[in-house]
Amino acid sequence: MQQTPPSKDGPRINEDIDVAQVRLVDADGEMVGVVSTKEAIEMAGEVGLDLVEVSPNADPPVCKILDYGKFKYEAQKKANEARKKQKVIEVKEIKMRPGIDEHDYQTKMKAVRKFLDNGDKVKMTIRFRGREMAHQDLGMKVLDRVRVEVDEQAKVEQFPRTEGRLMTMVIAPR
């Protein structure tokens, strides 16, 4: 049973490049042209830098003479910067009852607006207890009122639907 060597992540450098010819870009960014890999490695060694394969899928592969340590550092910085700018969208849940009082409703709506301003989705849940199940139209009126109030700020992603004793609606920021 033969084991394969562990694959190294990232671009191939210097002796790891196993093709006969490469398209070479020198340290100043000037296109040298198609040269043998051995010759390209020697040219990189003369200026004290590495030969790095930047486009392995091209024919022939494109290699650049540069400082590999600096190249890895710059790539890591770019990846970290991209990760910082990424926003994770959360789904916040607001629970109400069909007979919700006006002040309680306004308090919940303040929270809904805050969540939408932060870029989060909001799942509105109306919970029916006991005889309230016979008056699902009241729950639908509450959800319609919510939809109308946040119309400019949000769009309905999932229209109201009943699941057992719960009626849910999902709204997302515009």
Side-chain angles (χ1 to χ4, degrees), residues 1-13 16-17 23 25 29 50 52-59 61-64 66-174:
M1 191 168 99
Q2 186 180 8
Q3 281 188 330
T4 57
S7 63
K8 190 174 81 110
D9 57 331
R12 296 187 294 185
I13 60 168
D16 293 342
I17 302 169
R23 186 173 306 276
V25 178
D50 301 304
V52 180
E53 190 176 47
V54 289
S55 180
N57 299 331
D59 189 33
V62 178
C63 292
K64 197 170 186 179
L66 46 81
D67 181 359
Y68 183 63
K70 188 175 179 182
F71 176 75
K72 261 178 45 176
Y73 173 71
E74 294 293 333
Q76 188 179 9
K77 250 173 73 170
K78 264 187 210 166
N80 287 344
E81 199 63 36
R83 203 175 304 119
K84 255 187 224 173
K85 290 184 176 145
Q86 187 174 337
K87 167 84 171 99
V88 177
I89 297 175
E90 292 184 40
V91 179
K92 306 284 189 173
E93 185 173 17
I94 298 285
K95 294 181 179 178
M96 296 182 179
R97 296 276 309 281
I100 189 167
D101 196 49
E102 183 59 30
H103 183 264
D104 295 338
Y105 175 82
Q106 292 303 330
T107 305
K108 301 270 188 183
M109 286 309 295
K110 191 184 287 185
V112 168
R113 288 190 191 91
K114 187 176 84 175
F115 293 150
L116 292 171
D117 286 340
N118 291 339
D120 296 323
K121 293 180 182 181
V122 180
K123 178 179 178 182
M124 302 296 301
T125 303
I126 303 282
R127 181 161 182 208
F128 297 97
R129 287 160 73 184
R131 294 185 195 150
E132 291 174 346
M133 282 301 287
H135 301 287
Q136 290 190 7
D137 56 319
L138 294 175
M140 187 59 90
K141 282 181 185 172
V142 173
L143 290 180
D144 284 340
R145 183 175 169 194
V146 169
R147 186 170 43 97
V148 169
E149 279 192 33
V150 296
D151 194 39
E152 300 103 36
Q153 196 177 5
K155 62 181 181 288
V156 177
E157 199 167 83
Q158 179 188 325
F159 284 92
R161 70 173 195 214
T162 307
E163 298 163 15
R165 294 194 165 274
L166 301 177
M167 184 181 284
T168 59
M169 171 176 82
V170 178
I171 52 180
R174 284 198 189 270

Run Val112 and Met124 through side chain to side chain contact (heavy atoms under 4.5 Å, CB included) and show every step you take.
CA-CA 9 Å; Val112 168; Met124 302 296 301; 3.7 Å; yes
One pair to check against salt bridge (Lys or Arg N to Asp or Glu O under 4.0 Å): Arg161 and Glu163. What are the steps and the verdict?
CA-CA 7 Å; Arg161 70 173 195 214; Glu163 298 163 15; 3.0 Å; yes
For side chain to side chain contact (heavy atoms under 4.5 Å, CB included), just list the numbers for Lys95 and Arg127, CA-CA rounded to whole Å, side-chain angles, deciding distance to a tenth of an Å, and then say yes or no.
CA-CA 7 Å; Lys95 294 181 179 178; Arg127 181 161 182 208; over 6 Å; no
Set out, in order, the CA-CA distance, both residues' side-chain angles and the distance that settles side chain to side chain contact (heavy atoms under 4.5 Å, CB included) for Val25 and Val54, then state yes or no.
CA-CA 10 Å; Val25 178; Val54 289; over 6 Å; no
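Atom CZ in Arg113 sits 7.0 Å away from atom CD in Gln153 (nearest 0.5 Å). Atom NZ of Lys121 sits about 14.0 Å away from atom NZ of Lys92, to the nearest 0.5 Å. Note that CE of Met109 and CZ of Arg145 are 8.5 Å apart. Values are rounded to the nearest 0.5 Å. Here the OG1 atom belonging to Thr162 is positioned 7.0 Å from the CE atom belonging to Met133, to the nearest 0.5 angstrom. Taking NZ of Lys123 as the reference point, atom CD of Glu93 lies at 5.0 Å (rounded to 0.5 Å). Of the inter-residue distances, the one linking Gln158 atom CD with Thr168 atom OG1 reads 5.0 Å to the nearest 0.5 angstrom.
Atom CZ of Arg174 sits in a crowded spot, with more than 12 heavy atoms from other residues, nucleotides or ligands closer than 6.0 Å.
Arg165 and Gly130 make their closest contact through NH1-N, 3.5 Å (heavy atoms, listed as atom of the first residue, atom of the second, distance). Val146 and Met169 get closest at one heavy-atom pair: CG1-CE, 4.1 Å. Taking both residues in full, the closest heavy atoms of Asp120 and Pro173 are given as O-CD, 3.4 Å, listed atom of the first, atom of the second, then distance.
Among Lys110, Glu102, His103, the single residue meeting the side chain to side chain donor-acceptor pair (under 3.5 Å) criterion with Gln106 is Glu102.
Look at Asp50 and Arg12 and you find no salt bridge, because none of the NZ, NE, NH1 or NH2 atoms lies under 4.0 Å from a carboxylate O.
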Validation: residues 69-76 side-chain donor-acceptor distances under 3.5 Å, sequence neighbours left out:
none

Going by atom type alone, with no hydrogens or angles, which donor-acceptor pairs under 3.5 Å involve a side-chain atom of residues 135-144 and a protein atom two or more places apart or on another chain?
{"unit_1": "Asp144", "atom_1": "OD1", "unit_2": "Arg147", "atom_2": "NH2", "d": "2.9"}

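Residues Ile17 and Cys63 are in side-chain contact: their nearest non-hydrogen atoms beyond the backbone lie under 4.5 Å apart.
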